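Okay, so here's the structure we're looking at.
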Amino acid sequence: MSGCRFPEYAALLELWNNWNHKSELIGYVAAVLTVATYSMKTMIPLRVIGICANFLFILYGYFAAVYPQLVLHAILLPLNSVRLYQMMRLVALVNQASNSDLSMEWIKSFTNTRLCRAGETVFHKGDNADKMFYVVSGRYLLVEIGIEITSGQVVGEMGLVAPQHQRTQTFRCLEEGELLEITYGQVKQLYFQNPRFGFFFLKLMTQRLFANNKWLEQRLAEAHKA
């Protein structure tokens, strides 16, 4: 009789039960996506799937009243979004650098600052090579070959692939300035996290190698003329 007197309550109860089943389905889909992230080898697809899983877990946590899970994924969602943006921006900047003026502006957010005094030797020939440098300001000299390095240029990137990772030049500060340091460990981490980053970085290094060869050819031609 109560069902006849209050049919609207029965309808609401049925709707609620159906929605509980739907929320469980959302939870299962979110769990599958989370498991999928552990099988991925590259960071950008992993972040995208992770964001989808976060969003679904937030829905599940809200409708199923599982609030600790809701709070957890409400925190993870913006974190994953920021990391995805940073990685995609990094790839875009390296792509731009590899196709234009060999700018290394893209490394700035991954570096530590180092201040150099005039006369200071940053590294000696034969030293162990574990980082590369971006020149922000000042004047520097690669002693053995007499090349002056100024702002906007990079030194030490070839040590990453050099035999035994040893420096082939002495790098000395001529005029007080600022360097940005990035370790090879950081470069390798970025390289293996994203294949596109690795491709663009190799392309950048190749362009730099050809530029160095061109400079040496010019110096040899000048020496022959003299």
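Scope of the values below: all heavy atoms of this structure, side chains included, with no hydrogens, waters or symmetry mates. Note that this is a predicted model, so its numbers are computed, not measured.
Of all the heavy atoms in Arg139 and Glu148, the pair that sits closest is NE-OE2, 2.8 Å. Heavy atoms only, all atoms of each residue included: Ile182 and Gln186 are closest at CG1-OE1, 3.5 Å. Here the shortest heavy-atom pairing between Gly61 and Leu70 reads C-CD1, 3.7 Å. Of all non-hydrogen atoms in Lys131 and Glu181, the two that sit nearest each other are NZ-OE1, 3.6 Å. Shown here for Val135 and Gly138, the closest heavy-atom pair between the two residues is CG1-O, 4.3 Å. The nearest pair of heavy atoms linking Cys173 to Gly177 is SG-N, 4.5 Å.
Under a cut-off of 6.0 angstrom, the local environment of CZ in Arg83 is sparse, with at most 12 non-hydrogen atoms contributed by other residues, nucleotides or ligands. The number of heavy atoms from other shown groups lying within 6.0 Å of OH (Tyr62) does not exceed 12.
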Can you list the steps and then say if Phe57 with Thr34 is a side chain to side chain contact (heavy atoms under 4.5 Å, CB included)? CA-CA 10 Å; Phe57 269 125; Thr34 302; 3.2 Å; yes
Side chain to side chain contact (heavy atoms under 4.5 Å, CB included) assessment of Val48 paired with Leu84: CA-CA 7 Å; Val48 170; Leu84 175 62; 4.0 Å; yes
Can you check side chain to side chain contact (heavy atoms under 4.5 Å, CB included) on Gln169 and Val143, steps first, answer last? CA-CA 7 Å; Gln169 301 290 325; Val143 176; over 6 Å; no
How far apart are the C-alpha atoms of Cys116 and Val122, what are their side-chain angles, what is the distance that settles it, and do they pass the side chain to side chain contact (heavy atoms under 4.5 Å, CB included) test? CA-CA 8 Å; Cys116 294; Val122 181; 4.0 Å; yes
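With rounding to the nearest 0.5 angstrom, the OH atom of Tyr60 is 10.0 Å from the CD1 atom of Ile26. Distance CD1/Ile149 to CZ/Arg172: 14.0 Å, rounded to 0.5 Å. Separation of atoms CD (Glu144) and OG1 (Thr170) is listed at 3.5 Å; rounding is to 0.5 Å. One finds the CE atom of Met88 at 5.5 Å from the CD1 atom of Ile44 (value rounded to the nearest 0.5 Å). To the nearest 0.5 Å, atoms CZ (Phe55) and OG (Ser81) are separated by 11.5 Å. Note: Thr111 OG1 to Leu180 CG = 4.0 Å, rounded to the nearest 0.5 Å.
Taking the six-membered ring where tryptophan is involved, the planes of Phe171 and Phe133 are tilted, since the angle between them lies from 30° to 60°.
Connection of Tyr134 to Leu174 is not established within any shared hydrophobic cluster, with ILVMFWY side chains joined at heavy-atom distances below 4.5 Å, either directly or through further cluster members. Linking Ile, Leu, Val, Met, Phe, Trp and Tyr whenever their side-chain heavy atoms come within less than 4.5 Å puts Phe63 and Val29 in one cluster. Hydrophobic clustering (side-chain heavy atoms under 4.5 Å, transitive across Ile, Leu, Val, Met, Phe, Trp, Tyr) keeps Leu77 apart from Leu72.
Residues Leu56 and Leu33 form a side-chain contact, since some pair of their non-hydrogen atoms from C-beta on lies under 4.5 Å apart. A 4.5 Å side-chain heavy-atom check between Asn128 and His165 finds at least one atom pair inside the cut-off. Looking at Val155 and Met132, their side chains never come closer than 4.5 Å, going by heavy atoms from C-beta outward.
Distance alone, capped at 3.5 Å, is enough to place a donor-acceptor pair between the Ser137 side chain and the Glu178 backbone.
Each of Leu79, Asn80, Leu46, Leu76 was scored for a side-chain contact (heavy atoms from CB on, under 4.5 Å) with Ile51, with one residue passing: Asn80.
Using a cutoff of 4.0 Å between basic side-chain nitrogens and carboxylate oxygens, Arg114 and Glu120 are scored as salt-bridged.
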